[in-house]
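Just so it is clear, the model here is predicted, and its values are computed rather than measured. Just so we're on the same page: letters track the sequence lines, and every chain starts at 1.
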Protein chains: 2
Amino acid sequence: MAVTVKQIAEMAGVSRGTVDRVINNRGGVKKEVEDRIRKIVEQLDYKPNLVAKGLAKKSTNKKIGVILNAHDNPFYKDVILGVEAKDKEIVDFGFETLLRTTHCYDIEEQLKRIDELVAEDIAGLILSPINSERIANRLNELNIPIVTVNTDIPDVTKLCYVGSDYLQAGYVAANIFGITGRRHKIGIITGNKLILGHNMRIEGFKQAIQQEQYPIEIIGVYENDDTDIKSYLATKQMLEEHPELTGIFFAAGGIEGGLKAVEDLGLLKKVMLITVDTIESVKKNLLEGNIAATICQEPYVQGYEATKIMFDFLMTGQSPDTIAYLTKTQIKFKYNI
Amino acid sequence: MAVTVKQIAEMAGVSRGTVDRVINNRGGVKKEVEDRIRKIVEQLDYKPNLVAKGLAKKSTNKKIGVILNAHDNPFYKDVILGVEAKDKEIVDFGFETLLRTTHCYDIEEQLKRIDELVAEDIAGLILSPINSERIANRLNELNIPIVTVNTDIPDVTKLCYVGSDYLQAGYVAANIFGITGRRHKIGIITGNKLILGHNMRIEGFKQAIQQEQYPIEIIGVYENDDTDIKSYLATKQMLEEHPELTGIFFAAGGIEGGLKAVEDLGLLKKVMLITVDTIESVKKNLLEGNIAATICQEPYVQGYEATKIMFDFLMTGQSPDTIAYLTKTQIKFKYNI
DNA sequence: CTGAAAGCGCTTACAG
DNA sequence: CTGAAAGCGCTTACAG
C-alpha cells in the first residue's frame with residue numbers, strides 16, 4: 001500500500017495540513033518541523049496520489065491556453081485532435097483547455113491571442129510561436145509555464161518544445177530516393193527560407209546524400225513562400241529549366257500548387273515525388289500513385305504530448321525529462337496512409 | 001460545471017446511494033424511482049467524474065492480469081514497456097497489473113499462467129493467446145473481460161483485439177520494392193505457416209504486386225519455423241536455387257539466421273532486404289545499410305492501448321469503439337530507426 | 001507557525 | 001427498497 005499524507009503526519013506528530021505545506025513548498029512551517037517531515041517523505045519515498053490530488057484541486061479550476069497558427073494550415077487539424085483528446089482525459093481533474101487559432105505569420109494577432117488568454121487567467125500556455133523578438137519578449141514577461149509545439153522560439157524560458165525532428169525528416173527523404181538505387185537528379189521545393197524547420201529538412205537531405213554517397217544530384221532549391229501559387233510557378237520554372245530532373249522533394253507547404261505544375265507538364269508518375277505531412281491533396285495523390293511517399297511528424301502526438309506535459313507540470317510541478325520532445329518521423333506510402 | 005450525483009439525487013428527491021445504484025445498474029431500486037432517475041441522468045447528460053470514481057474505488061484494488069509470450073521473443077520488450085507505462089498512470093486509480101511471460105507455443109505453460117492469475121483474483125485478462133482450442137475453452141470459462149494483444153484467437157468472447165494490420169504490412173513491403181521501379185525477383189522467408197499473421201503479410205504482399213502491377217516476380221516462399229537455424233538453411237537454399245534473386249522479404253521471425261545466410265553468400269547490399277519489426281540484429285543491419293527498410297507494428301502502443309482499453313472498461317463499463325484496434329504500420333529506414 | 005474541519009464526487013457497507 | 005454516514009487521499013480556508 002502506498003504511503004499517504006495521513007501516515008506521514010502521524011509519524012511526524014503533526015497535522016496533515018502541515019505535511020501538505022511542506023510537500024508543496026507552501027512555506028510557513030518551522031524549519032525544524034519541515035526537516036523532520038522532509039526526512040520521512042524521503043525515507044518512505046512518498047509519491048502523492050494524483051487522483052486524490054486532482055479531486056481535491058477540482059475546485060480551483062485550472063485553464064491551459066493553447067494558440068496554434070492553424071487558420072490557413074490544414075496540418076494543424078490533427079494537432080488539435082491531440083489537444084482535445086488529452087483535454088478529455090484531464091477535465092475530471094479540474095482542467096480545461098482554451099484553444100485559439102491564428103493565421104500563420106501574423107505577429108499582431110498572436111500577441112492579441114496571448115493577451116486574451118492571459119486575461120482569462122490561464123495557468124499555462126501552449127503555442128506554436130512566431131519566431132519574432134516581440135513574441136519572445138511578451139512570452140518572457142508572462143511568468144507562467146510555456147510549451148512550444150511544432151515550431152520553436154529561442155531565448156524564451158519554457159518547459160519543453162514538442163515537435164518533429166526536421167533534420168531526420170530530410171535524412172529519411174534522401175533515404176527513400178536512395179534505396180531506389182537510381183541516379184536521381186532531384187529538385188527541392190521549399191517554403192519561406194526564414195523558417196528553421198524547412199531549412200533543416202533540406203540540410204538533412206543533403207547530409208544523408210553525402211554520408212551515404214547516394215548517386216543523387218541536387219539540381220536546385222526553389223522557394224515558394226508556402227503558398228500554392230508561388231509553388232506552382234516555382235515548380236514549373238524548375239521543371240522547365242531542368243528537363244533532366246527525375247525527382248522532387250517538397251520540403252514545406254504549397255505542395256498542392258507544386259503538384260499542379262507537375263501535372264500540367266505531364267510529368268506525374270514520371271518524376272518521383274516525396275512530400276511532407278498529409279494534407280488532403282497529398283493523401284489523394286499518394287493514393288493515385290503520383291506521390292511515392294510522404295514524411296510525417298505525428299501531429300496528433302504533438303498536440304497530445306504538449307498538453308500532457310503541461311498538465312503533468314501543473315499537477316505535480318515536475319518538468320518533463322527532456323527540453324525537446326521529438327516525435328517520430330513517419331513514412332506514409334500509398335498503403336499505410 | 002458538470003452534473004454530479006448529488007444534484008441528480010436532489011432533483012429526483014432521493015439519496016445519492018440510490019442514484020448510484022441506478023447509474024451502476026446495481027439493482028434493488030423501485031422501477032418507478034429508477035425511471036425517474038434515468039430520465040434526469042439522460043436529460044442532464046450526466047457523465048461520472050472518473051477521478052472521483054477512481055478515488056472512491058481505490059479500496060477495492062483491481063488487478064489486471066497480463067500474459068505475453070515474451071520469453072523467447074525480443075519483440076515483446078516494447079509491448080511490456082507500453083503495459084508498464086499505462087500501469088503507472090492507473091495505479092493511483094487503485095489498479096495494478098500482474099505481468100507473466102511465457103514461451104511462444106507452450107500451451108501448458110499458458111494455461112498454467114492463466115490459472116495462476118485467476119487464483120490472484122484478477123478483474124480482467126490481457127494476453128497474446130496461443131491459437132488452440134484448449135486455450136479458447138479455458139478463456140471462455142473465465143467470465144472476466146479479455147483483451148487479446150498482438151495475436152488473436154477466434155471463438156473467444158473478448159472486449160477487443162489490439163494488434164497490427166498484417167495485411168497492410170505486406171502491402172507496404174511490396175510498396176517499397178515497388179517504388180524502386182526495378183524489375184525485382186523476390187524471395188519470401190516466413191515462419192510457421194500456421195500463424196495467421198505471417199500468412200496475411202504474404203497475402204498482402206502478393207495483392208499489392210497484382211493491384212499495382214509492379215514488375216515484381218515472387219520466386220518462392222520458404223518456411224523457417226521462426227527459428228534462426230532453419231531460417232539460415234532456408235535462406236541459403238533459396239539463394240542457391242535462385243541466383244537471379246534481387247530481393248528478400250522476411251515476413252516473420254528468424255531474421256538473424258536469414259541475414260547470416262545472405263552474408264555468408266556474399267550478397268549483403270547486393271540483394272535488397274525488407275524485414276519486419278526491430279529486434280537488435282535488424283537495427284544493426286539497418287544502420288549498416290544491409291537492410292533497406294523494416295516494417296513495424298508499434299509494439300509499445302499495443303501494450304499501452306490494450307491496458308488502456310481494459311482499464312477504461314473496468315472503470316466505466318464502456319467497451320471500446322472497435323473490436324479490433326489496429327496499430328499503424330510504421331516503416332523504419334536507416335535514419336528513423 | 002499549526003491544527004481541525006470541510007470539501008472535491010464518487011462508492012461502500014450498514015441499518016432499517 | 002432506501003437513506004445516512006463514512007471513506008478514498010488530498011487541499012483549502014479558517015481559526016487561533
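- Between A:L44 atom CG and D:dG9 atom P there is a gap of 15 Å when expressed in whole angstrom units.
- Distances shown here put a side-chain N or O of A:R26 below 4.0 Å from the OP1 or OP2 atom of D:dT12.
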Mind running side-chain contact (heavy atoms from CB on, under 4.5 Å) on B:H103 and B:E108 for me, showing each step along the way?
-> CA-CA 10 Å; B:H103 293 86; B:E108 288 307 329; over 6 Å; no

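- Per the geometry, NZ belonging to B:K6 stands 8 Å off P belonging to C:dG7, to the nearest Å.
- Between B:K31 atom NZ and D:dT2 atom C1' the separation is 18 Å, expressed in whole Å.
- Counting heavy atoms from C-beta outward, A:F93 and A:K62 have side chains that stay 4.5 Å or more apart.
- Regarding B:R16, its CZ atom lies at a distance of 9 Å from the C1' atom of D:dA5, rounded to whole Å.
- Residue order along DNA chain C, read from the 5' end via each residue's closest nucleotide, puts B:V51 first among B:V51 and B:G17.
- Across all strands shown, D:dA4 forms no Watson-Crick or G-U wobble pair with both distances under 3.5 Å.
- The nearest whole Å value for the distance from the CD atom in B:Q7 to the C1' atom in C:dC8 is 13 Å.
- Distances from the side chain of A:A56 to the nucleotides D:dT12, C:dG3, D:dC10 place D:dC10 closest.
- Spacing between atom CD of B:E10 and atom C1' of D:dG3 amounts to 14 Å, rounded to whole angstrom units.
- The side chain of A:K58 sits closest to C:dG9 out of D:dC10, C:dG9, C:dT2.
- Within 4.0 Å (heavy atoms only), B:V33 reaches sugar-phosphate atoms of the nucleic acid but no base atom.
- Comparing A:I23 and B:K30 by the nucleotide of DNA chain D that holds the closest heavy atom to each, the one mapping nearer the 5' end is B:K30.
- Put simply, the side chain of B:D87 gets close to the backbone of B:T97: a donor and an acceptor are under 3.5 Å apart.
- A salt bridge between A:E42 and A:K39 is absent, with no side-chain N of the basic residue lying under 4.0 Å from a carboxylate O of the acidic one.
- Per the geometry, CG belonging to A:L50 stands 10 Å off P belonging to D:dC10, to the nearest Å.
- Taking the side chain of B:N49 as heavy atoms from C-beta on, and the options C:dC10, D:dC10, C:dT2, the nearest nucleotide is C:dC10.
- A:F93 comes within 4.0 angstrom of no nucleic acid atom, judged by non-hydrogen atoms across all strands.
- Comparing A:G13 and B:T4 against DNA chain C, the residue whose closest nucleotide sits nearer the 5' end is A:G13.
- Side-chain nitrogen and oxygen atoms of B:Y46 include at least one within less than 4.0 Å of the OP1 or OP2 phosphate oxygen of C:dC10.
- Using a 4.0 Å cut-off between a side-chain N of Lys or Arg and a carboxylate O of Asp or Glu, A:D92 and B:K53 do not qualify as a salt bridge.
- For B:R21, counting side-chain heavy atoms from C-beta on, the closest listed nucleotide (C:dC14, D:dG9, C:dC10) is C:dC14.
- When the shell of 6.0 Å around CD of B:E133 is examined, it contains 12 or fewer heavy atoms from other residues, nucleotides or ligands.
- Among the atoms of the strands shown, none is found under 4.0 Å from any heavy atom of A:D92.
- The shortest distance between the side-chain N/O atoms of A:S15 and the OP1/OP2 oxygens of C:dG3 is below 4.0 Å.
- In this entry the distance linking NZ of A:K53 with P of C:dG7 reads 22 Å, nearest Å.
- The phosphate of D:dC8 has neither OP1 nor OP2 within less than 4.0 Å of any side-chain N or O from B:K57.
- Nearest nucleotide to the side chain of B:L55, out of D:dG9, C:dC10, D:dG3: D:dG9.
- When the nucleotides C:dG9, C:dA4, D:dG3 are ranked by their closest atom to the side chain of B:T18, D:dG3 comes out on top.
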